[in-house]
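See below for the structure under consideration.
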Amino acid sequence: LVSTSLTGLAQYYDPDSSTIDERLVYRATAGINARLTKRLSVSAAAGAVLLDPLDDSSTADVIFNVGGDYKLQNTSYTFSAARDLAPSQDGSLEDTYSARLGVSHQVSDLLTLRLSSSYVLQNDEEEGDSRAFTVSPSLSYQLSRDWTSSLSYRFIHTDDDTETAHSNSVTLSLSYGTFLLP
């Protein structure tokens with residue numbers, strides 16, 4: 001089971017900024033998804049980003065993402081790594097590297113434990129470097145066929161050239177989902 005993808009994108013940014021001019025961005029990627037075994041699936045994509053092709057200072061660079069998923073009977077492991085290059089909301093250029101890991105264990109038919117973590121390094125031509133590390137354990141319980149509850153905690157450590165910050169959050173959610181057709 002293999003699938004491929006080819007995508008192209010053109011974006012025009014005109015930020016409301018006195019220091020950043022408008023930007024034209026072309027992005028093209030080719031990717032593949034493959035289920036190698038009953039338990040192992042992988043994906044990868046690579047491409048190029050061309051920024052401001054009509055300017056003398058045009059920039060071209062490589063972007064990529066890779067990922068994998070390995071499933072045992074009750075436990076699954078996921079990972080991904082990526083690099084992206086895109087204008088931010090204010091139009092400045094952000095160069096982002098990220099890595100994510102996750103594990104999910106189904107304790108019973110009703111109870112699932114999850115743990116995920118990520119590390120993101122971002123370089124903004126206007127703002128400088130910033131780093132963020134996130135870890136998040138969660139517990140989900142299937143209350144009935146249509147109702148699910150979840151309790152999660154998230155810790156985020158961010159730092160950049162000027163400051164360091166920590167964030168903690170606890171989320172309790174109750175969700176309802178049903179099929180409209182029998």
Counting distance only, does the side-chain N/O of S136 pair as donor-acceptor with the main-chain N or O of Y153 below 3.5 Å? yes
Strictly by modelled atom types, are T29 and T7 linked by a side-chain donor-acceptor pair under 3.5 Å? yes
Crowded around L1 CG? As in, over 12 foreign heavy atoms under 6.0 Å? no
Close side-chain approach of V135 to F133, heavy-atom, < 4.5 Å: yes
Can you tell if the side chain of L72 reaches within under 4.5 Å of the side chain of Y77, non-hydrogen atoms only? yes
Between L174 and V170, is there a shared hydrophobic cluster once you connect ILVMFWY residues whose side-chain heavy atoms come closer than 4.5 Å? no
Ignoring hydrogens and angles, tell me if any N or O in the side chain of R83 forms a donor-acceptor pair with the backbone of V62 under 3.5 Å. yes
Answer yes or no: are there more than 12 heavy-atom neighbours, outside N168 itself, under 6.0 Å from its atom CG? yes
Would you say that I32 contacts V2 through its side chain, given a criterion of any heavy-atom pair below 4.5 Å between the two side chains? yes
Within this structure, what is the CD-CD distance for the pair Q106 and Q142, rounded to the nearest 0.5 Å? 10.0 Å
Does any non-hydrogen side-chain atom of V107 lie less than 4.5 Å from one of T112? no
Side chain to side chain, D129 and D161, heavy atoms closer than 4.5 Å: yes
Could you tell me if the side chain of L51 sits less than 4.5 Å from the side chain of L24, heavy atoms only? no
Do R114 and S140 have side-chain N/O donor and acceptor atoms under 3.5 Å apart? yes
Is any side-chain heavy atom of S150 closer than 4.5 Å to one of T171? no
Quick check against the 3.5 Å criterion: does R27 have a side-chain atom that pairs as donor or acceptor with the backbone of L85? yes
Pair D146, S144: side-chain N/O donor-acceptor within cut-off below 3.5 Å: no
Determine, using the 4.5 Å side-chain heavy-atom cutoff (strictly less than), whether V49 and L9 are members of one ILVMFWY cluster. no
H166 NE2 to F155 CZ distance, which is reported to the nearest 0.5 Å: 4.5 Å
So do the side chains of L139 and L111 get within less than 4.5 Å of each other, counting heavy atoms only? yes
